[in-house]
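Right, one structure below, let's go through it.
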Amino acid sequence: METAPKPGKDVPPKKDKLQTKRKKPRRYWEEETVPTTAGASPGPPRNKKNRELRPQRPKNAHILKKSRISKKPQVPKKPREWKNPESQSGLSGAQDPFPGPAPVPVEVGQKFCRIDKSRKLPHSKAKTRSRLEVAEAEEEETSIKAARSELLLAEEPGFLEGEDGEDTAKICQADIVEAVDIASAAKHFDLNLRQFGPYRLNYSRTGRHLAFGGRRGHVAALDWVTKKLMCEINVMEAVRDIRFLHSEALLAVAQNRWLHIYDNQGIELHCIRRCDRVTRLEFLPFHFLLATASETGFLTYLDVSVGKIVAALNARAGRLDVMSQNPYNAVIHLGHSNGTVSLWSPAMKEPLAKILCHRGGVRAVAVDSTGTYMATSGLDHQLKIFDLRGTYQPLSTRTLPHGAGHLAFSQRGLLVAGMGDVVNIWAGQGKASPPSLEQPYLTHRLSGPVHGLQFCPFEDVLGVGHTGGITSMLVPGASEPNFDGLESNPYRSRKQRQEWEVKALLEKVPAELICLDPRALAEVDVISLEQGKKEQIERLGYDPQAKAPFQPKPKQKGRSSTASLVKRKRKVMDEEHRDKVRQSLQQQHHKEAKAKPTGARPSALDRFVR
Amino acid sequence: MTANRLAESLLALSQQEELADLPKDYLLSESEDEGDNDGERKHQKLLEAISSLDGKNRRKLAERSEASLKVSEFSVSSEGSGEKLVLADLLEPVKTSSSLATVKKQLSRVKSKKTVELPLNKEEIERIHREVAFNKTAQVLSKWDPVVLKNRQAEQLVFPLEKEEPAIAPIEHVLSGWKARTPLEQEIFNLLHKNKQPVTDPLLTPVEKASLRAMSLEEAKMRRAELQRARALQSYYEAKARREKKIKSKKYHKVVKKGKAKKALKEFEQLQKVNPTVALEEMEKIENARMMERMSLKHQNSGKWAKSKAIMAKYDLEARQAMQEQLSKNKELTQKLQVASESEEEEGGTEDVEELLVPDVVNEVQMNADGPNPWMLRSCTSDTKEAATQEDPEQLPELEAHGVSESEGEERPMAEEEILLREFEERRSLRKRSELSQDAEPAGSQETIDSGSQEVLSELRVLSQKLKENHQSRKQKASSEGTVPQVQREEPAPEEEEPLLLQRPERVQTLEELEELGKEDCFQNKELPRPLLEGQQSERTPNNRPDAPKEKKEKEQLINLQNFLTTQSPSVRSLAVPTIIEELEDEEERNHRQMIKEAFAGDDVIRDFLKEKREAVEASKPKDVDLTLPGWGEWGGVGLKPSAKKRRQFLIKAPEGPPRKDKNLPNVIISEKRNIHAAAHQVQVLPYPFTHHRQFERTIQTPIGSTWNTQRAFQKLTTPKVVTKPGHIIKPIKAEDVGYQSSSRSDLPVIQRNPKRITTRHNKEEKL
């Protein structure tokens, strides 16, 4: 078992063969240590070479790099080159070894570009063009700045690789725990809670806190990293689902009858009777909306910042018990018993889209963090991955022996499926690629059937709730190694949390802005624009933007006689008219070509048909 | 009033008559006939007075007549005299005198001068003034245009506008009065001293000073003269070349060209003896030329001339010869220079050469065969059936690699073929070879699939040997003809070994890379998203894999909802099977399918969905408006419908809307309803310079919030357009502020005079 360095956060993990090809970047301060043999002799097996390069690694050890633990500095993307030394010399004659601004690789900058230059613009005036140029220059500058700041993302994701083609799925948790450092090993644990039945669980957005609720009323919240219990109560009622609200201080619990909200001391704050018989909960963090799906078939959005119900939508598809959110656009995905998945926004009374996914009912739905892929599993034992970028077509399909009852995506695009008492994890080729269902990345057997699954944000940990309690698994490479300290800081203090809360509330996104394509909000509303134009024309009695009628230019030497002026005018008019006729003829041809294949020849008796 | 006046005037008349009567009576004695006349005049006057009563000629009362022929004592009359009195006549004395000539002249001068025209009225004068003033001011103000434009386009304006001169003293001044105090500074200065760096006067190092002193005036002059001479010579040469170029004689040019070629050859030979390294470079150039030739279509019998000749060639011996000549020229030019490999051959014998090519290929294959291929191992660990299915796709990369290496080998013979085809001597051998290679290719690929890769190895070896042989034969052929490149080849310089040695590992690398490429390709193929028929395809023979995407594309056009859901998907075999399932997998799967079939026999999910979709499509279509009035113009009543003609006439068809987004997606219903709540937040009016909404969208596509940008970028994107310093007076812009020399006061005299006229312009300036 060996490890090799991962190139970067967004570079897809390549097979070890490719990795060895990549030379280890040599820093200018380093001495030349290892004679590079790369590419010289194709004879010896590649893995051996790898071993030669890094002999310090113990063989046959699963080495798991925990994202937060490995503090290896990131290799600069492109070592800057020494430029002409004569070009710049300072006061003392010393030269800047790296003159000029740091170079930025084009493809990295491209990632942050948002203007779609492939779309052609209509011809624009000089003034408009200058504005467009300014906008484009601005975009380029900001994207370069963003690309340069990627240097600050120092952490690398963890990974797991089999030695000599060893199947990673055969590596069990015990092996992984053995190989990793103590702090990471402590993240693997089992809570044996056999008494209160299958558990649902939820991690807070920072990944620091864990809440779980057993079906028989056991509700607890804890700081799972330090294992400090925050509260533990029994609500004396069946618990269907549990979810943290915007911070770890508030907990929503879907109980048998109503929805309850507790604080982190276990004190009941609210009992929301308008949300009854709730089966599933989802929290939309940027909109401060708690979406609840109920047995009665209603999808209810509750604004937790003001305590008002924003929308209660009737899905008209019977009992709702499959729900997930799209983290990219905050659209709620509901799975139905007729094999469809419907997409909902609180602004619309009907689903934004409906996708027929399975022949049987849908058992589980999950959407990845980029909002590109949706995984569904149905009663027909199939697991499908759909492309959500407008086509809604399945990218890959697999039949599972037992069908998956629960699905979840990790931050880096790993897919986990709970099938009976087994969890299977599939990995993709990188962050923005769908998980390939050919080979499982990891598998694990639990002590009871799975009832809830979630990857912990910013930790390579998968939480599984099952009948026997809670299991925290180590899944290398599952989560994002770099967290945004201002957005979701796992180490934040109470004061920081309060400040963040205020800021987040100020930046709350209105619920009605949820739509399938959030970028569409940055577009002009063409319909009302045209409506406005029409109204203006009506008001003024003429079109102010219409083309002025042709005025012949006055000419010298008697050619500007009235007759010739009229003639010239007529010429232009005729030309325009001809164009119009030509166009209409073309359209007619098109229509005829379309209409031709239908219908037989008309009969002379048709005229008598009434 | 008027009546009153008339009365008055009549009264005055009567008084006048009374006054006139007095002398009349008195004068009556003097002339008898005058009394007659007088009476006539009186009568006239009376008539006039009466006629003036109607109010028109009242003024004529004050008429006065001048001297006339008929002179009367009592009044002057101009009766009878038609001519006017001229001024000169007054001056003219009875006798002409010369003294008056000067006065006359003066008088004529006065007369010749025209009279002063009437002054224009006030409005016109003002208008002219305004025009002039406007022109002047516009001219003066036009110098501000660039400033205005710049300020309008500026990202940020800081007021007040005065430019603050950065008070930075020159560095020499700062440094001269400065001494190192702290130990660190002293250390640094020590270092500087040691390295002879300038400390106090940092502008010039001693070396720089020396270089400044290096050239004197004399030298400079000489240098200039030299340069001038060179330029003149060059111009002469150019003129000569131009002249020569104009010569139309073909023969002349031919001779010149030949001479040049000979000269070049001679020089090259000499160079080879004297300076082999330069000769090598020279040869590289020749090689380059060859490459160019191969790339171009020159001498390929494809030009206009060649085609015409080709037609003629059948009958004309000369034309045939010309064609042959061209072909031979092409051959000559495209001949490869085989110096390096030949030298190797001569030294190490043929064996070496063989190994030169073979090992890379062989190594690759060996690697794949028994090396630790992770893919193979992985599949071995899983159960046998899986191994059988998985081995094939795993072998694919190898296959691909072989294919690549083979084709890479093939490439060379292919290139040769073009030349060989034209050579009669080699035709036979070529045919043999091509046959062989063709035989080998399919055989090789089949064998790799069927059995292990040992056979492939041998196959490849044979192939590469063939290749080698071919090379050699060609080389010999080339040497038999005496051509320019051949000369170089026959003299293998020992120095030429070096580039060859360098070359060898390079080639290995390229082969390796090729193999890598092949693998990657295959890999990508496998990972491509397979929308629908993935299951079916993976169940097919893996040989079809690479062209699977093509098939898919065709299929995608005809997506059928039925097979979309009913396609068999490959099942995943995980290591850990849920404990509940204890049966054998196959049986279990079959059972499951049975169960599913039974369970879903009743409810047809697909049909329901299609129905729902149809309804949604219908609902979203714009409705036609029917304006027929039943019973209008025809019989109406129960059971009677308006006629079809009427209906057609009064049906207003709704315009066809845009195509639905889910038109080609059978498994999706996308709602076409507009989210009006979100639309309220969208931009609804195009701002000024934009004429199309897409133009404007492009300017607002980049987010400016700190969530999406770095701190710096965010700050830059959100800088205010105008910044005013608190506590400063913002004065209007002045010429000095923007770098103009003259003051605005002298520039704008018109403005000063009547500032009211240009207030609008002024305002514009202030708004900047």
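When reading the values below, keep in mind they use all heavy atoms of this one structure, side chains included, and skip hydrogens, waters and symmetry mates. Just so it is clear, the structure is predicted and the values come from calculations on it, not from any experiment.
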**Message:** Taking side chain as everything from C-beta outward and backbone as N, CA, C, O, which of these in A:Ala511 sits under 4.5 Å from a heavy atom of chain B? Side chain, backbone, both or neither.
**Reply:**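 Neither; nothing under 4.5 Å.
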
**Part of A:Gln531 within contact of chain B (heavy atom distance under 4.5 Å)** = neither

**Request:** Would you kindly say whether A:Asp116 and B:Gln701 are connected by a side-chain donor-acceptor distance under 3.5 Å?
**Result:**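 Result is no, nothing qualifies.
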
How long is the straight-line distance from [atom2] of [Y] back to [atom1] of [X], given to the nearest 0.5 Å?
X	Y	atom1	atom2	value
B:Thr707	A:Leu486	OG1	CG	9.5 Å
B:Asn675	A:Glu512	CG	CD	8.0 Å
B:Thr710	A:Arg148	OG1	CZ	10.0 Å
A:Ser124	B:Phe696	OG	CZ	14.5 Å
B:Ser671	A:Lys349	OG	NZ	13.5 Å

**Request:** Report the C-alpha distance between B:Arg698 and A:Arg119 in whole Å, list the side-chain angles of each, state the deciding distance to 0.1 Å, and finish with yes or no for side chain to side chain contact (heavy atoms under 4.5 Å, CB included).
**Result:** CA-CA 10 Å; B:Arg698 189 162 278 197; A:Arg119 285 187 77 183; 4.2 Å; yes

**Asked** Counting only N and O atoms by type, is there a donor-acceptor contact under 3.5 Å from the side chain of B:Gln682 to the main-chain atoms of A:Ser528?
**Response**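 Not at all, since once roles are kept as given, no pair shorter than 3.5 Å links the two residues.
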
**Request:** Assess whether side chain to side chain contact (heavy atoms under 4.5 Å, CB included) is satisfied between A:Gln393 and B:Leu665, documenting all intermediate values.
**Result:** CA-CA 8 Å; A:Gln393 296 302 318; B:Leu665 307 169; 3.4 Å; yes

Is it the backbone or the side chain of [X] that comes under 4.5 Å from a heavy atom of chain A, or both, or neither?
X	value
B:Lys716	side chain
B:Glu155	neither
B:Thr699	both
B:Asn709	side chain

**Carboxylate-amine/guanidinium proximity below 4.0 Å for A:Asp525 and B:Arg674** =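 Counted as a salt bridge, because a side-chain N and a carboxylate O are separated by less than 4.0 Å.
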
**Request:** Would you check, one step at a time, whether the test side chain to side chain contact (heavy atoms under 4.5 Å, CB included) holds for A:Leu356 with B:Val668?
**Result:** CA-CA 6 Å; A:Leu356 180 61; B:Val668 187; over 6 Å; no

**Request:** If a pair satisfies side-chain hydrogen bond (donor to acceptor under 3.5 Å, both in side chains) and one of its residues is in residues 130-140 of chain A, list it, with sequence neighbours excluded.
**Result:**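 Checked against side-chain hydrogen bond (donor to acceptor under 3.5 Å, both in side chains) - neighbours excluded - no pair reaches residues 130-140 of chain A.
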
Is there side-chain contact between [X] and [Y], with heavy atoms separated by less than 4.5 Å?
X	Y	result
A:Met348	B:His677	no
B:Phe609	A:Asn338	no
B:Ile670	A:Tyr392	yes

**Message:** Could you walk me through whether B:Gln684 and A:Leu529 satisfy the side chain to side chain contact (heavy atoms under 4.5 Å, CB included) test, starting with their C-alpha distance in whole Å, then the side-chain angles of each, then the deciding distance to 0.1 Å, before giving a yes or no?
**Reply:** CA-CA 5 Å; B:Gln684 295 175 350; A:Leu529 179 74; 5.8 Å; no

Can I get a per-line list of side-chain donor-acceptor pairs under 3.5 Å for residues 686-695 of chain B, giving both atom names and the distance, sequence neighbours left out?
from, atom 1, to, atom 2, distance (Å)
B:Thr691, OG1, B:Gln695, OE1, 3.3
B:His692, ND1, B:Arg694, N, 3.1
B:His693, ND1, B:Glu697, OE2, 3.2
B:Arg694, NH1, A:Lys120, O, 2.7
B:Gln695, OE1, B:Thr691, N, 3.1
B:Gln695, OE1, B:His692, N, 3.2
B:Gln695, NE2, A:Pro122, O, 3.3

**Prompt:** When heavy-atom pairs shorter than 4.5 Å are enumerated against chain A, which of B:Ile669, B:Leu717, B:Ile676 gives the highest number?
**Reply:** B:Ile669

**Prompt:** For atom CZ of A:Arg316, is the number of surrounding heavy atoms from other residues, nucleotides or ligands below 6.0 Å larger than 12?
**Reply:** no

